[in-house]
Amino acid sequence: MRIGYPCINRSIGCSANRTFRLASYSEERLASTIAGNIACLKKILAWNRDRDILFFRITSDLVPFASHPACTFPWQDRFRNELAETGDFIRHAGIRISMHPDQFIVLNSPDEAVVSRSMDELAYHARVQDGMGLDTTAKIQLHVGGVYGDAAGSIARFVRTYGRLDPAIRRRLVVENDDRRFTAADCLEIHEQTGIPVLFDVFHHACKNNGEDLRTMIRLTGNTWESGDGIPMVDYSSQHPEKRAGGHADHIDTGDFLNFLEILRPCDRDIMLEIKDKEASALIAIALARENPRSR
DNA sequence: AATGGTCAAGTCAGC
DNA sequence: GCTGACTTGACCATT
């Protein structure tokens with residue numbers, strides 16, 4: 001079991017998701033931004049490794065505008081060495097990597113232009129992981145997409161589009177339940193038709209479900225991951241006490257997390273903490289997991 | 001140096 | 001019809 005956090009480290013003082021405005025786009029600006037982002041990513045990974053944080057979500061902003069028509073810069077060639085070195089570090093440290101394209105990537109959109117742009121953006125994500133030489137246990141997690149007033153039809157559209165994806169994307173793509181549109185059961189249905197692994201989001205499941213037993217869903221979603229996909233990933237968060245239902249907590253709720261660890265037992269999972277204070281909560285979660293080992 | 005409007009992109013609930 | 005939320009704020013013109 002690895003425990004990690006997404007994208008940003010608030011302790012180090014650098015950011016791996018620097019970007020700039022499209023209006024100020026230039027190759028020089030892009031190249032210097034990418035160089036800075038990769039340099040910071042390496043610092044974060046080393047900081048994590050030193051603290052046994054062995055799961056990390058790499059920001060989608062590592063290469064700004066990578067899939068935008070304005071970007072003709074051959075970043076994968078220009079940063080070949082930097083990407084490969086980062087990948088070497090990741091492998092030697094035993095770190096697990098995920099990425100999570102943002103809300104604009106919608107494979108089941110009825111608008112073919114949206115689908116096309118989404119595929120380009122997924123190809124970029126795959127190229128980052130390929131450039132690092134990561135195996136297929138590194139994943140790209142995506143939600144099903146929009147409902148458009150017809151959930152069944154929208155699931156069918158996701159399945160059809162999945163069949164069109166480049167294998168370089170397909171071997172890394174996993175589908176995740178969201179908090180208001182498609183449940184883990186919907187994702188399992190998609191798995192039946194495509195074979196895509198299901199990344200179970202515990203908090204989203206609490207927000208939207210069909211009354212399924214939590215342990216059962218953890219087991220069923222875990223079964224969709226084959227050996228080449230690695231240990232199943234799960235996303236974990238808890239409700240922010242003041243925000244709307246579905247709002248992520250600022251800080252780990254230790255009681256809730258311990259309860260989750262107990263429910264998880266005896267399944268092995270890599271846990272991504274989607275909590276605002278990032279590495280601070282990850283360090284606490286790792287200490288809690290140590291005190292409450294999975295195998296007795 | 002601090003601040004507030006704005007930023008490539010989609011969908012949808014809530015007002 | 002507009003705004004905010006989403007896995008994650010950061011950029012930049014202006015004061």
Side-chain angles (χ1 to χ4, degrees), chain A residues 4-10 12-26 29-30 32-33 36-37 40-41 44 55-71 97-125 139-151 154 157-158 161 174-182 199-204 207-208 233-240 242-250 271-282:
Chain A
Y5 62 96
C7 306
I8 293 170
N9 178 300
R10 300 192 188 284
I12 293 182
C14 72
S15 166
N17 49 298
R18 297 290 296 271
T19 182
F20 51 88
R21 295 296 156 85
L22 185 57
S24 44
Y25 181 93
S26 71
R29 183 76 187 264
L30 181 61
S32 69
T33 302
N37 284 345
C40 178
L41 173 61
I44 293 174
F55 190 17
F56 189 67
R57 182 181 298 166
I58 295 176
T59 173
S60 295
D61 285 335
L62 192 72
V63 180
F65 304 107
S67 71
H68 192 280
C71 175
I97 292 296
S98 68
M99 297 179 82
H100 193 338
D102 65 1
Q103 62 267 33
F104 309 106
I105 287 61
V106 186
L107 285 183
N108 76 345
S109 174
D111 182 343
E112 180 56 32
V114 171
V115 175
S116 176
R117 281 196 293 272
S118 297
M119 286 180 170
D120 290 345
E121 180 73 356
L122 288 177
Y124 147 64
H125 283 74
K139 292 301 182 189
I140 301 167
Q141 62 188 87
L142 194 65
H143 295 298
V144 180
V147 176
Y148 313 99
D150 173 16
S154 296
R157 220 165 32 252
F158 182 97
T161 307
V174 302
V175 68
E176 176 193 358
N177 56 307
D178 65 83
D179 64 343
R180 53 181 72 183
R181 294 171 217 180
F182 294 100
L199 191 156
F200 185 64
D201 187 311
V202 188
F203 183 46
H204 289 165
C207 297
K208 184 168 168 65
M233 298 175 175
V234 295
D235 280 358
Y236 168 86
S237 185
S238 57
Q239 177 64 43
H240 189 291
E242 285 120 36
K243 288 187 186 169
R244 66 156 183 96
H248 288 235
D250 291 334
I271 305 172
M272 179 58 64
L273 296 183
E274 294 187 332
I275 295 178
K276 301 286 183 194
D277 69 0
K278 308 288 181 186
E279 75 280 5
S281 285

What distance, rounded to whole Å, do you find between the two [atom1] atoms, one in [N] and one in [M]?
N: C:dG4; M: B:dT6; atom1: C1'; value: 15 Å
N: B:dG5; M: C:dT3; atom1: P; value: 13 Å
N: C:dG9; M: B:dG10; atom1: P; value: 22 Å

Among [options], which is the nearest nucleotide to the side chain of [X]?
X: A:Pro110; options: B:dT11, C:dA10, B:dA9; answer: B:dT11
X: A:His68; options: B:dA8, C:dT8, B:dA9; answer: B:dA8
X: A:Arg10; options: B:dT11, C:dG9, B:dA8; answer: C:dG9
X: A:Phe65; options: B:dG10, B:dA8, C:dG9; answer: B:dA8

### Task
Please list, chain by chain and in numerical order, all residues satisfying side chain to side chain donor-acceptor pair (under 3.5 Å) with A:Tyr5, sequence neighbours excluded.
A:Asn9, A:Asn48
## Note on the structure
Contacts of A:Ser15 meeting side chain to side chain donor-acceptor pair (under 3.5 Å) (sequence neighbours excluded), chain-then-number -> A:Asn17
### Query
What stem regions, each of at least 3 consecutive Watson-Crick or G-U pairs below 3.5 Å, can be found for DNA chain C?
B:1-7 with C:9-15, B:10-15 with C:1-6
### Task
Tell me what A:Ser109 touches on the nucleic acid: a base, only sugar-phosphate, or nothing, going by heavy atoms under 4.0 Å.
sugar-phosphate
### Query
Who pairs with A:Ala113 by side-chain contact (heavy atoms from CB on, under 4.5 Å), at least two apart in sequence or on another chain?
A:Asp111, A:Arg117
### Query
What residues form a side-chain contact (heavy atoms from CB on, under 4.5 Å) with A:Asp102, not counting sequence neighbours?
A:Phe104, A:Ile105
[X]: what forms a ring pair (Phe, Tyr, Trp, His ring centres under 6.0 Å) with it, not counting sequence neighbours?
X: A:Phe158; result: none
X: A:Phe203; result: A:His248
X: A:His143; result: A:His100, A:His204

Name the pairs: protein N/O against N/O of nucleotides 12-15 of chain C, kept only if under 3.5 Å.
{"unit_1": "C:dC12", "atom_1": "OP1", "unit_2": "A:Arg21", "atom_2": "N", "d": "3.3"}
{"unit_1": "C:dC12", "atom_1": "OP1", "unit_2": "A:Ser24", "atom_2": "OG", "d": "2.6"}
{"unit_1": "C:dC12", "atom_1": "OP2", "unit_2": "A:Arg29", "atom_2": "NH2", "d": "2.7"}

### Qualifying salt bridge (Lys or Arg N to Asp or Glu O under 4.0 Å) pairs with a residue from residues 13-22 of chain A, counting only residues at least two apart or across chains
none
### Message
At less than 4.0 Å, is any side-chain N or O atom of A:Arg18 found next to OP1 or OP2 of C:dG9? Yes or no.
### Response
no
Could you go through nucleotides 5-7 of chain C and list every protein N or O atom that sits under 3.5 Å from one of its N or O atoms, giving the distance for each pair?
{"unit_1": "C:dA5", "atom_1": "O3'", "unit_2": "A:Arg244", "atom_2": "NH2", "d": "3.2"}
{"unit_1": "C:dC6", "atom_1": "N3", "unit_2": "A:Gln103", "atom_2": "NE2", "d": "3.2"}
{"unit_1": "C:dC6", "atom_1": "N4", "unit_2": "A:Gln103", "atom_2": "NE2", "d": "3.3"}
{"unit_1": "C:dT7", "atom_1": "OP2", "unit_2": "A:His204", "atom_2": "NE2", "d": "3.2"}
{"unit_1": "C:dT7", "atom_1": "OP2", "unit_2": "A:His248", "atom_2": "NE2", "d": "3.4"}
{"unit_1": "C:dT7", "atom_1": "O4", "unit_2": "A:Gln103", "atom_2": "N", "d": "3.2"}
{"unit_1": "C:dT7", "atom_1": "O4", "unit_2": "A:Gln103", "atom_2": "OE1", "d": "3.1"}

#### Entry: salt bridge (Lys or Arg N to Asp or Glu O under 4.0 Å) involving A:Asp235 - partner list, sequence neighbours excluded
A:Arg57
